[in-house]
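Below: one structure, written as structure tokens.
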Amino acid sequence: GFREGVAAEMFADVEDPEDADALKSLVEVIYGGVAMLSSTEELVRVFMLADWLQSDSVKTAAVGKLETSLSLGDTLDLLGGWKPLPEGLCQVAVKVLTAKAASASALDLNEWAGLTWTAVVRLLNRTNKDASDERFSNLLRHYALSKISSGA
């Protein structure tokens with residue numbers, strides 16, 4: 001039980017030590033504070049923890065920041081990673097890449113260093129589901145077919 005005047009020790013078991021700072025930031029935001037994040041990677045970690053803990057308010061705040069802070073390389077790393085991505089994070093990544101593709105007058109996906117097969121599959125699944133940008137979807141299909149036919 002709990003007795004007044006007795007110190008209570010509380011802790012959270014975090015498997016990945018790098019998640020500890022993200023968890024502190026998440027708790028700070030949940031309780032109305034402001035979290036100062038040092039990197040986009042930490043923001044992604046906060047989003048993933050918020051998704052796991054079903055904290056929609058933190059996810060919503062993180063989405064806005066991610067949309068403006070994810071670079072092309074960050075987004076490709078995220079989509080190309082082996083870990084499953086929460087749906088909301090995948091949506092943000094696709095939105096960022098679709099916007100980058102739309103802003104380019106001529107786009108060659110061969111120039112996107114870090115575009116892995118995992119990223120291509122995730123992008124194709126997401127863009128097919130949303131039908132968000134037909135030009136980008138067609139470009140992805142053409143890129144995938146050209147890689148398959150060349151044996152890459």
Side-chain angles (χ1 to χ4, degrees), residues 11-30 33-152:
F11 68 94
D13 186 21
V14 179
E15 291 178 18
D16 186 343
E18 292 189 17
D19 281 341
D21 288 337
L23 185 60
K24 288 177 188 174
S25 297
L26 176 68
V27 170
E28 183 70 31
V29 172
I30 287 173
V34 175
M36 300 303 290
L37 305 174
S38 60
S39 66
T40 302
E41 181 183 342
E42 190 175 356
L43 181 56
V44 167
R45 287 178 179 274
V46 168
F47 182 95
M48 291 182 81
L49 287 169
D51 183 72
W52 182 61
L53 295 171
Q54 300 176 0
S55 176
D56 291 337
S57 61
V58 176
K59 286 191 326 185
T60 300
V63 162
K65 296 291 183 191
L66 284 167
E67 287 176 352
T68 59
S69 66
L70 278 174
S71 68
L72 176 62
D74 291 337
T75 309
L76 292 175
D77 287 346
L78 193 60
L79 288 170
W82 61 271
K83 288 183 179 180
L85 294 178
E87 182 64 22
L89 194 53
C90 195
Q91 287 175 351
V92 169
V94 170
K95 184 176 182 180
V96 167
L97 290 182
T98 302
K100 290 189 184 310
S103 68
S105 57
L107 184 64
D108 183 0
L109 295 181
N110 291 302
E111 295 176 2
W112 283 11
L115 183 59
T116 64
W117 277 112
T118 303
V120 169
V121 169
R122 284 180 172 166
L123 283 165
L124 282 170
N125 286 336
R126 185 84 238 156
T127 55
N128 287 340
K129 190 182 294 184
D130 290 347
S132 54
D133 185 347
E134 192 64 29
R135 178 179 162 252
F136 187 53
S137 294
N138 289 335
L139 192 61
L140 281 167
R141 284 188 208 95
H142 178 74
Y143 174 81
L145 290 172
S146 70
K147 289 296 183 184
I148 290 169
S149 65
S150 70

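Scanning for side-chain contact (heavy atoms from CB on, under 4.5 Å) contacts around K24 gives D21, with sequence neighbours left out.
Between T118 and G80, the shortest heavy-atom contact is CB-O, 3.9 Å. Of all the heavy atoms in P86 and M48, the pair that sits closest is CD-CE, 3.9 Å. In terms of heavy-atom proximity, G88 sits nearest to F47 at C-CZ, 3.7 Å.
Atom CG of residue L140 and atom OG1 of residue T98 lie 8.0 Å apart, to the nearest 0.5 angstrom. Between atom OG1 of residue T75 and atom NZ of residue K95 there is a gap of 13.0 Å, rounded to the nearest 0.5 Å. Note that the CG atom of L70 and the CG atom of L89 stand 7.5 Å from one another [nearest 0.5 Å]. The line from CG of L115 to CG of L79 is 9.0 Å long, rounded to the nearest 0.5 Å. Distance check, rounded to the nearest 0.5 Å: OH of Y143 to CG of L124 gives 11.0 Å.
Among V92, V96, L78, the single residue meeting the side chain to side chain contact (heavy atoms under 4.5 Å, CB included) criterion with L66 is V92.
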Evaluate side chain to side chain contact (heavy atoms under 4.5 Å, CB included) for L43 paired with S69, printing each intermediate quantity in order.
-> CA-CA 9 Å; L43 181 56; S69 66; 3.9 Å; yes

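Under 3.5 Å, the side chains of N138 and R141 contain a donor-acceptor pair of N or O atoms.
Sorted by first and then second residue, the pairs that involve residues 55-65 and meet salt bridge (charged side-chain N to carboxylate O under 4.0 Å, His left out), not counting sequence neighbours, are D51-K59, D56-K59.
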